[in-house]
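Below: the structure, in structure tokens.
Chain naming here is simple, since letters A, B, ... match the order of the sequence lines and numbering starts at 1 in each.
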Amino acid sequence: MFFFTRYPSSSLLKAYFPDVQFNRCITSQMIKWFSNFREFYYIQMEKFARQAISDGVTNPKMLVILRDSELFRALNMHYNKGNDFEVPDCFLEIASLTLQEFFKAVSSGKDADPSWKKPIYKIISKLDSDIPEIFKSSSYPQELFRN
DNA sequence: TCCAACCCTG
DNA sequence: CAGGGTTGGA
């Protein structure tokens with residue numbers, strides 16, 4: 001689900017998990033999961049962006065995440081260990097864009113500002129996609145999340 | 001006062 | 001991921 005939505009609202013979560021008996025705890029826990037997911041995501045992005053810079057990359061446009069990318073493997077390993085489903089192209093596009101944003105920010109020295117990541121978070125938070133209905137029709141039970 | 005989001009840690 | 005602490009907005 002994270003491949004489609006990075007910032008799901010509690011109402012969206014409830015809509016996609018009709019079999020879950022939501023209460024304050026369960027809801028905040030799911031919200032917390034996505035918060036953790038985002039942290040991992042952004043940490044990887046920053047890591048690879050800095051690596052690209054040290055590797056001498058100068059054009060952000062060169063930073064496109066493909067299915068055979070190192071970064072893709074890291075992300076897929078984290079969110080889709082068992083390759084339970086195919087990662088959507090929309091995610092690759094947003095991930096690439098995120099990487100480019102980090103690249104531009106770091107290479108222009110904006111990372112000196114304590115809150116330099118905020119602008120990036122704001123951009124990415126507006127790029128959530130709709131989640132396919134299939135996920136709602138219990139085709140994928142609890143595979144959306146795993147422990 | 002509540003809570004999503006963030007930061008830091010284990 | 002889970003915990004615990006902080007924060008800004010409703």
Is it the case that A/Arg38 places NZ or CZ above or below the six-membered ring of A/Tyr7, under 6.0 angstrom from the centre and within 45 degrees of the axis?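 Pair A/Arg38/A/Tyr7 counts as cation-pi.
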Looking only at atom types and distance, does a side-chain atom of A/Ser28 sit under 3.5 Å from a main-chain N or O of A/Cys25, one as donor and one as acceptor?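 Yes, the answer is positive, given that a donor and an acceptor are paired below the 3.5 Å cut-off.
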A/Phe48: partners by ring-ring contact (aromatic ring centres under 6.0 Å, His included), with sequence neighbours left out: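 Result, ring-ring contact (aromatic ring centres under 6.0 Å, His included) vs A/Phe48: none returned.
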Determine, using the 4.5 Å side-chain heavy-atom cutoff (strictly less than), whether A/Phe102 and A/Met62 are members of one ILVMFWY cluster.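 In one cluster with A/Phe102: A/Met62, yes.
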Apart from A/Ile43 itself, residues in the same hydrophobic cluster as defined by side-chain heavy atoms under 4.5 Å: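 Under the 4.5 Å side-chain rule, A/Ile43 groups with nothing.
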Proximal nucleotide (of B/dC3, C/dA2, C/dC1) relative to the A/Arg24 side chain: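 Nucleotide nearest to A/Arg24's side chain: B/dC3.
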Atom pair distance, as rounded to whole Å: CD1 in A/Ile26 and C1' in C/dA2: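 Value for this atom pair: 14 Å.
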Base-contact (B) and sugar-phosphate-only (S) positions in nucleotides 5-10 of chain B, heavy-atom cut-off under 4.0 Å, - elsewhere: SBBB--
